[in-house]
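Structure record follows, encoded as structure tokens.
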Amino acid sequence: MKKYFGPILLSLVISFSVDGLINAQETVIYGKITDAKTNESIPFANIYFKGTTIGTSSNFEGEFSLTVRDPGDSLTVSCLGYFGFTSPVKKGKKQKIDFQLQPTAISIPEVFVVPGENPAHRIIREAAKRKKDYNLEKLDAFQKASYSRTEIGINNISDEFKNRSTMKPFKPLFDSLMIAAGENGSLILPILFSETFSEVYYLKNPERQKEVILASKVNGVGLEHTHEFVSQVVGTSFHDYNFNNNFIKILDRNVMSPIANGGLGFYKYYLTDSLFIDNHFCYEIQVMPKRKNDVVFTGIIWIQDTTFALKRIVVNIDKKADLNFIENFRVQQDLKPVAENIWVPQKTRVLIDFSQVSDSTFGMLARFYMSDTNYVINQPKELKFYSDKLEFKYDANDHDDDYWQMIRPEKLTTTEQSIYNSIDSINNFPKVRTYVDVIETLVNGYYRVKGLEFGPYLLVYGYNTVEGSRFRVGFRTNAEFSKKWVFKAYAAYGTKDRKFKYSATVERFLSRKNWTKVGFMYKNDVEGLGVIDGFYQVNNMFALTTQLGLIDKMREIKRYRLWFESDLFRGFNQKVVLSSDYFSPLGNYVFEYFSDDTKTIRSSEIQSTELILVSRYAPKETVLISNNTRIGVGTQKAPLFTFRYTLGIKGALGSDFNYHKLSLKISQKVKFFELGRFRYEIQGEKVFNQLPYPLLQVQPGNETFIYSKKSYNLMNFLEFVTDQNASLRFVYNFEGALLGKIPLIRSLKWRAVASTNIVYGSLDKKNRFYDPETNPAGILPKTTMDGVPLTTYRTFEKGKPYVEVSYGVENILRIIRIQVFHRLTYRYENSPKWGIKGSLFFMF
């Protein structure tokens with residue numbers, strides 16, 4: 001036995017040693033946690049071995065790493081708003097485990113109410129009180145480098161849609177994208193991948209903000225003509241999520257911040273944990289809406305324990321809220337302190353999951369990532385530096401892959417690179433081009449064929465009693481044709497008068513930076529009295545209301561127009577116009593005026609030549625350039641002012657009159673906290689000389705069934721004429737503040753809307769009908785030489801304005817608005833007392 005004891009002992013020692021070495025080996029686990037529906041990273045999830053205290057959490061990109069010597073058999077992941085998931089672990093191995101979690105409704109665990117105040121309320125009150133001290137916008141000036149990335153794709157693609165015959169060419173692409181998405185991931189068909197690198201500047205007094213886009217890279221389906229426009233929209237300026245303000249602009253809605261003043265009236269707060277984040281000890285607080293239909297956030301915020309500054313936030317707005325077309329809206333943001341104890345966003349990630357129109361179609365997913373670095377505090381530039389709010393460098397599209405790899409905060413993941421490469425494959429499918437063309441035509445109103453765009457389709461058909469059925473075709477050139485020259489033209493034909501009408505326009509850009517250009521236009525057409533000139537205010541929906549209905553009082557026009565336009569400084573556009581117009585009555589419209597002082601010569605035609613100065617000042621507006629046109633957005637923070645002076649020059653190009661006209665208009669959209677939003681427009685006009693009334697102010701009526709915000713919707717055409725007037729247009733959109741509180745209607749997401757239109761003015765006696773006894777200065781005869789009565793109009797009674805009000809419901813089927821109008825004054829027998837108008841509005 002002794003002779004075997006030594007070998008047995010040695011083998012036991014070796015066995016225990018090997019077991020010890022095996023147990024001493026490290027187990028390394030790393031991977032990424034993503035949303036199985038959207039493939040989006042899930043930050044700050046808990047990863048742990050069940051039954052132990054060993055674990056970690058995912059970082060901002062959803063990545064994690066664990067190194068342990070004594071692991072459990074399986075690893076579990078949990079995160080608020082998701083079902084937990086457990087995966088087996090191979091001990092002593094280095095392994096990659098990716099988790100794809102299925103989303104679930106957020107629920108609060110059972111809460112026991114005890115005497116005393118909710119501890120979360122004290123923290124929230126302190127955070128709300130101190131947030132202004134940490135707000136970046138309190139600084140005199142700052143600048144930062146900002147990188148942003150945008151991904152847009154089609155998701156929720158049903159099997160029925162994938163199996164359509166038109167989709168068969170996409171099957172190999174679908175298969176490769178599913179492989180990239182992972183075992184539990186979802187198919188997302190990419191249509192846009194863009195990156196932007198910018199420098200952003202802010203000045204407090206006077207308030208100015210400027211973004212300089214230094215580099216831009218856009219790869220999208222059907223976006224080969226709109227790279228510059230897309231780069232502007234996806235830049236930093238349109239993704240500014242500052243939770244230290246009371247409200248954050250989400251799409252076209254203002255959403256209350258979880259640390260807003262008054263947040264206790266809209267949120268429930270629960271203190272759930274405390275932990276260190278980047279060496280800052282923080283309170284973890286769960287936030288939820290008090291009422292399920294309120295457009296507020298749900299999620300978790302982390303607040304630093306001594307400064308009560310917001311350190312981290314992960315919140316979403318889900319489909320229960322009163323938001324159109326949105327399945328989910330999620331924002332995650334990390335903040336850090338910089339100089340003067342200011343807390344600034346370091347990284348921000350936004351996800352917008354657009355809902356499907358029907359089960360047989362698909363949805364859309366948009367993802368945005370922003371990383372802000374290199375903050376420079378309180379070193380303002382000269383004021384003129386901020387003159388342009390958005391500047392796109394001429395070589396922004398010319399940078400190579402090495403440049404982008406250098407400036408990206410993190411490298412593109414394999415999935416992101418796969419998405420980028422897939423877009424080129426998608427663009428090669430002919431069916432994709434067809435779908436893109438249809439969508440582009442519906443949105444823009446024009447059908448594009450290379451450098452030409454045909455339309456607008458809303459004006460292809462019209463009807464009036466003079467022309468009968470009116471058919472119109474038109475085109476315009478775009479930036480693909482030329483960035484210096486713009487050509488526009490249309491031709492129309494009436495089946496009743498059997499006449500052709502036409503118009504042609506040419507513009508030449510002298511400088512796109514200041515939008516400096518000259519132009520010339522000739523127009524030979526017919527139009528109704530009181531129609532707003534589309535040259536100054538393009539509105540195809542308003543133009544449509546003037547082309548439909550039994551309009552019988554019209555005029556033939558021949559118009560020459562020459563103009564010069566330029567931005568003199570930020571927000572201030574100046575336009576100088578020389579216009580010569582010929583006018584002649586048409587249809588059931590009898591018009592004459594005395595063309596001499598002796599009242600012996602009459603004329604039914606008018607020739608006028610005008611020099612017009614139009615000044616438009618929009619101090620807070622952001623201007624986006626799309627091809628050869630501009631779009632103004634962001635006018636909620638300040639009013640928009642439009643001033644117009646018109647000088648009539650007798651004798652110039654055959655003009656019959658000298659005169660002066662003045663007009664001033666002020667308009668603004670205002671968000672009224674959580675009670676909705678309203679838009680107002682105040683305008684005053686005055687004509688200083690004696691003129692026949694077609695050159696005065698014919699108030700715009702609307703006899704069609706289509707609502708027009710530019711008209712008085714229960715006023716007849718050519719009903720009221722003034723030579724001086726003041727008007728107010730007011731529209732209040734209650735959003736969900738009224739109907740959203742009614743249970744049955746709340747589920748339909750209908751929203752209340754109300755409006756008031758008021759106009760009051762006067763008409764000097766010299767501009768009225770001539771009477772040798774009562775009005776010898778009048779310019780109008782009462783009848784023609786043959787005794788036919790002239791078409792009459794109304795004037796306002798002293799102290800009595802025209803007033804119409806409306807109430808209605810919008811967001812019917814998400815796009816329809818129906819309003820009931822009531823005319824409160826001048827309720828004559830031949831005037832409508834009430835009416836129903838419909839319109840289409842796209843809103844979130």
Side-chain angles (χ1 to χ4, degrees), residues 43-44 60 123-148 197-212 235-249 254-261 263 275-285 287 297 300-315 331-350 368-383 385-386 389 409 620 637:
F44 323 130
F60 194 84
I123 301 169
I124 293 298
R125 280 199 303 270
E126 286 293 330
K129 182 173 67 176
R130 301 191 193 190
K131 70 180 187 301
K132 64 180 183 297
D133 298 328
Y134 307 127
N135 197 333
L136 188 65
E137 294 176 4
K138 84 167 190 175
L139 296 172
D140 293 333
F142 71 82
Q143 68 185 70
K144 62 181 179 180
S146 183
Y147 167 85
S148 63
F197 183 66
S198 308
E199 289 178 347
V200 179
Y201 302 85
Y202 173 82
L203 181 68
K204 183 177 181 180
N205 190 20
E207 187 176 358
R208 295 284 188 271
Q209 186 168 337
K210 177 175 182 176
E211 179 179 6
V212 181
T236 300
S237 295
F238 291 89
H239 300 287
D240 183 18
Y241 300 93
N242 186 351
F243 288 91
N244 282 317
N245 289 330
N246 283 324
F247 292 92
I248 298 94
K249 187 172 179 62
N254 282 350
V255 182
M256 179 177 282
S257 168
I259 57 171
N261 299 331
L275 68 162
F276 278 95
I277 304 176
D278 300 333
N279 297 320
H280 296 280
F281 191 72
C282 299
Y283 298 114
E284 181 180 285
I285 297 177
V287 300
F297 294 105
I300 300 177
I301 62 176
W302 289 264
I303 295 176
Q304 211 269 342
D305 71 324
T306 55
T307 63
F308 294 94
L310 182 66
K311 167 58 184 163
R312 175 179 290 173
I313 182 167
V314 180
V315 290
V331 182
Q332 61 192 61
Q333 189 176 79
D334 251 2
L335 296 93
K336 66 176 182 179
V338 292
E340 302 181 32
N341 206 30
I342 299 297
W343 289 70
V344 300
Q346 183 179 13
K347 295 179 181 179
T348 304
R349 197 182 295 273
V350 179
F368 307 93
Y369 170 79
M370 286 76 70
S371 175
D372 297 325
T373 56
N374 300 334
Y375 279 88
V376 178
I377 305 300
N378 290 335
Q379 294 184 24
K381 308 284 186 181
E382 293 183 7
L383 185 60
F385 172 81
Y386 302 90
K389 190 168 185 179
K620 301 294 183 180
K637 293 183 178 181

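Everything quoted here is computed from the prediction, not taken from an experiment.
- Contact check for K204 versus L139: no side-chain heavy atoms found under the 4.5 Å cut-off.
- To the nearest 0.5 Å, atom CG of residue L136 and atom CG of residue N244 are 9.0 Å apart.
- Put simply, the side chain of Q143 reaches to within 4.5 Å of the side chain of K381, judged on heavy atoms.
- Side chains of K144 and V344 form no contact here, defined as non-hydrogen atoms less than 4.5 Å apart.
- Summarising the geometry, atom CG belonging to D334 is positioned 4.5 Å from atom CZ belonging to F44; distances are rounded to the nearest 0.5 Å.
- Centroid-to-centroid, the aromatic rings of Y241 and F368 stay 6.0 Å apart or farther.
- Counting only heavy atoms from C-beta outward, the side chains of L335 and Y134 never approach each other to under 4.5 Å.
- Interatomic distance, R349 CZ to M370 CE, rounded to the nearest 0.5 Å: 10.0 Å.
- Applying the salt bridge (Lys or Arg N to Asp or Glu O under 4.0 Å) rule to D140 yields no partners; only residues at least two apart in sequence or on another chain are considered.
- In this structure, D372 CG and Q346 CD are separated by 9.0 Å, a value rounded to the nearest 0.5 Å.
- For Q304, the side chain to side chain donor-acceptor pair (under 3.5 Å) test picks out T306, T307, with sequence neighbours left out.
- Between I285 and I303 the shortest side-chain heavy-atom distance falls below 4.5 Å.
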Problem set entry | Evaluation steps, side-chain contact (heavy atoms from CB on, under 4.5 Å), between I259 and I301 | CA-CA 9 Å; I259 57 171; I301 62 176; 4.1 Å; yes
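- Scored by the side chain to side chain donor-acceptor pair (under 3.5 Å) test, N261 finds K131 as partners (sequence neighbours excluded).
- Stacking of K129 on the aromatic ring of F308 is not recorded, the 6.0 Å distance cut-off and the 45° axial limit not both being met.
- For I124 against P258, the heavy-atom pair with the smallest separation is CG2-O, 4.2 Å.
- Checked by atom type and distance alone, the side chain of D278 never pairs as donor or acceptor with a backbone atom of H280 at under 3.5 Å.
- Rounded to the nearest 0.5 Å, atoms CG (N242) and CH2 (W343) are 14.0 Å apart.
- In this structure a side-chain-to-backbone donor-acceptor pair under 3.5 Å is present from K138 to D133.
- A perpendicular orientation is assigned to the rings of Y386 and Y201, their planes being inclined by more than 60° (bins at 30° and 60°).
- A distance-only check finds no donor-acceptor pair linking the side chain of Y375 to the backbone of F142 [under 3.5 Å].
- No side-chain heavy atom of F297 sits less than 4.5 Å from a side-chain heavy atom of M256.
- To the nearest 0.5 angstrom, L203 atom CG is 7.5 Å from R208 atom CZ.
- Side-chain contact check for S257 and N246: no donor-acceptor pair (N or O, by modelled atom type) lies under 3.5 Å.
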